[in-house]
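Computed from a prediction, not measured in an experiment: that's the story for all the values here. One-based numbering along the sequence shown.
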Amino acid sequence: MIQGLLRQALYQDYEGLEMKIEQFAAMNMVYQRYTFSYFLDSIERMGVKNFELWAGAPHLNNYISSLSDAAAVRREVERRNMRIVCFTPEQVMYPHNIAASNRELRKFSLDYFFKYIDMAAEAGADKMLCCSGWGDYDQPVEEAWKRSVDGLYQMADRAQKAGITLAFEILQTMECNLVYNLPTTKRMMDEVVHPNFKLCVDTVPMRVFHNTLKDFFEEFKNRICHLHLTDGNPSGHVPLGLGTTPIAEHLEFMDLYGYDGYVTLEIGDSSWWPRPEEATRTAFDTLKKYL
């Protein structure tokens, strides 16, 4: 009853969505069994101009790609009148962990992200997604937490020099034992206070811990610089409209709190890798019903 009254009070002067389709972006992660050119052609067929660049093999990546390759991507994106709204290195499936207890692996991981910060700038992005890394699950969390905080500060300093804002994303507990819900996110954002360190909210881990975008907007306000509008039951990262996520509620909270940044329709479910255009089209067709 009380929750209903609070929601009614919040919406009493609300007149409908003001968000535009131009704020929403595709992502090439679900296209990872296709070439990057196919991805660009695909979203061009759909009339989508914005995308989040997942930087993992076989697409642009810093194992075999260089800054000149990133510059070539920038030229191709500009030629198509598109925009990279966020640059996202692969950092969950690959063994890159800024909180690693192994000293050599941690140094390797930080160097990996430093290179990606430079590559993001060269590709024409102004944001790069990052996460906390994770500690050994059989060890005390606090030492891994300290390593994570230190690593994020190093990355933020490097990002500042490159003109990049870090968009810090929370993960699920199966992916990370450091930052995975609202309290741990608040702790990290309180400890890493840097002008180039802001927050990306993914609606899947948010819902797994029974939070709403209202909770995050109330807590972090303008420190939120990027959003992932994802669907699941509540986990899963399936195309928008195929899960149980409250799409209308998410969009309404974005509007009510004046969010004017970009929103990526992230699709991570590997069952869609053979049909990425169908997945992406499904997500955007669902979104258009609400705008």
Side-chain angles (χ1 to χ4, degrees), residues 3 6-7 9-11 14 17-19 23-25 52 85-88 91-92 98-99 113 120 125-134 141 145 148-157 159-160 164-173 175-230 232 234-235 237 245-266:
Q3 186 178 12
L6 289 172
R7 183 176 175 83
L10 180 64
Y11 283 94
Y14 185 65
L17 289 176
E18 295 182 4
M19 297 194 74
Q23 280 183 257
F24 294 86
E52 182 167 336
V85 303
C86 189
F87 193 95
T88 301
Q91 51 201 292
V92 177
I98 64 171
F113 290 115
D126 63 358
K127 293 188 294 295
M128 190 186 90
L129 190 132
C130 66
C131 66
S132 64
W134 56 93
V141 166
W145 184 277
S148 178
V149 169
D150 174 76
L152 290 170
Y153 264 115
Q154 291 188 54
M155 290 168 60
D157 284 342
Q160 187 173 40
I164 294 291
T165 295
L166 296 181
F168 178 74
E169 183 184 38
I170 68 173
L171 299 173
Q172 299 177 72
T173 51
E175 301 166 316
C176 173
N177 62 348
L178 298 181
V179 181
Y180 49 82
N181 60 10
L182 186 59
T184 53
T185 304
K186 184 179 187 307
R187 181 186 175 190
M188 186 61 78
M189 297 305 290
D190 285 346
E191 292 192 25
V192 184
V193 180
H194 191 288
N196 291 69
F197 185 79
K198 296 193 176 183
L199 182 64
C200 169
V201 180
D202 187 308
T203 58
V204 161
M206 180 192 77
R207 287 187 65 225
V208 167
F209 280 90
H210 310 292
N211 288 118
T212 68
L213 278 176
K214 176 181 183 294
D215 301 326
F216 278 82
F217 280 124
E218 286 287 326
E219 184 63 53
F220 302 108
K221 300 179 174 60
N222 62 1
R223 290 195 78 183
I224 297 175
C225 70
H226 193 57
L227 291 174
H228 283 172
L229 180 56
T230 47
S235 187
H237 287 77
T245 195
I247 300 168
E249 179 184 275
H250 292 336
L251 295 173
E252 287 162 1
F253 281 134
M254 291 178 207
D255 245 16
L256 285 165
Y257 286 91
Y259 179 73
D260 59 1
Y262 287 102
V263 184
T264 297
L265 306 187
E266 184 184 35

Y180 and F209: CA distance, side-chain angles, deciding distance, ring-ring contact (aromatic ring centres under 6.0 Å, His included) verdict: CA-CA 8 Å; Y180 49 82; F209 280 90; 5.7 Å; yes

Pair M128-F113, side chain to side chain contact (heavy atoms under 4.5 Å, CB included): steps then yes or no: CA-CA 10 Å; M128 190 186 90; F113 290 115; 4.3 Å; yes

Worked verdict on K214 versus E219 for side chain to side chain contact (heavy atoms under 4.5 Å, CB included): CA-CA 8 Å; K214 176 181 183 294; E219 184 63 53; over 6 Å; no

W145 vs M188, side chain to side chain contact (heavy atoms under 4.5 Å, CB included): CA-CA, chis, key distance, verdict: CA-CA 9 Å; W145 184 277; M188 186 61 78; 3.8 Å; yes

Verdict with reasoning, T212 to E249, per side-chain hydrogen bond (donor to acceptor under 3.5 Å, both in side chains): CA-CA 9 Å; T212 68; E249 179 184 275; 5.3 Å; no

Residue pair F168, S132: steps toward the side chain to side chain contact (heavy atoms under 4.5 Å, CB included) verdict: CA-CA 8 Å; F168 178 74; S132 64; 3.9 Å; yes

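One distance of note links CD of E218 with CG of L213; it measures 11.5 Å at 0.5 Å rounding. D190 CG to T185 OG1: the interatomic distance, rounded to the nearest 0.5 Å, is 10.5 Å. The CD atom of E169 lies 5.0 Å from the NE2 atom of H228; values are rounded to the nearest 0.5 Å. Taken from CG in D215 to CZ in F220, the straight-line distance is 10.0 Å, to the nearest 0.5 Å. Considering NE2 of H237 and CD of Q172, their distance stands at 6.0 Å, rounded to 0.5 Å. The CG atom of L227 sits 8.5 Å away from the OG1 atom of T264 when rounded to the nearest 0.5 Å.
Scanning both residues, H194 and A156, for their nearest heavy atoms gives CE1-O, 3.4 Å. Annotation for L229 and V263: closest pair CB-CG1, 3.6 Å, computed over non-hydrogen atoms. Residue V201 comes nearest to F216 through the heavy atom pair CG2-CD2, 3.9 Å, listed as atom of the first residue, atom of the second, then distance. Residues A99 and G133 approach most closely at CB-C, 4.3 Å, considering heavy atoms. What you find for E191 and V149 is that their closest heavy atoms are OE1-CG2, 3.6 Å. Across all non-hydrogen atoms, the minimal contact from C176 to W134 is CA-CB, 4.2 Å.
S235 contributes no side-chain N or O that, together with a main-chain N or O of G232, makes up a donor-acceptor pair within less than 3.5 Å. In this structure, the side chain of D255 engages the main chain of M19 through a donor-acceptor pair within 3.5 Å. Judged by distance alone, the side chain of Y153 and the main-chain N or O of V193 form a donor-acceptor pair under 3.5 Å. Remark: side-chain polar atoms of Q23 are paired, donor with acceptor, to backbone N or O of G261 under 3.5 angstrom. In this structure, Q91 contributes its side chain and L129 its backbone to a donor-acceptor pair below 3.5 Å.
Ring geometry for Y257 versus F217: interplanar angle under 30°, hence parallel rather than tilted (30 to 60°).
Contact of the P205 side chain with the E175 side chain is not registered, since no non-hydrogen atoms from C-beta on lie closer than 4.5 Å. Between D202 and L171, the closest side-chain pair of non-hydrogen atoms is not below 4.5 Å. Between M206 and H250 the shortest side-chain heavy-atom distance falls below 4.5 Å. C130 has its side chain within reach of L152: a pair of non-hydrogen atoms, C-beta onward, lies under 4.5 Å apart. Between N196 and I164, every side-chain heavy-atom pair lies at or beyond the 4.5 Å cut-off.
Looking at T230 and E266, their side chains never bring a donor and an acceptor atom within 3.5 Å of each other.
In this structure N222 satisfies the side chain to side chain contact (heavy atoms under 4.5 Å, CB included) test with no other residue, sequence neighbours excluded. Applying the side chain to side chain contact (heavy atoms under 4.5 Å, CB included) test to C225 and every residue at least two apart in sequence or in another chain returns K127, T165, A167, K198.
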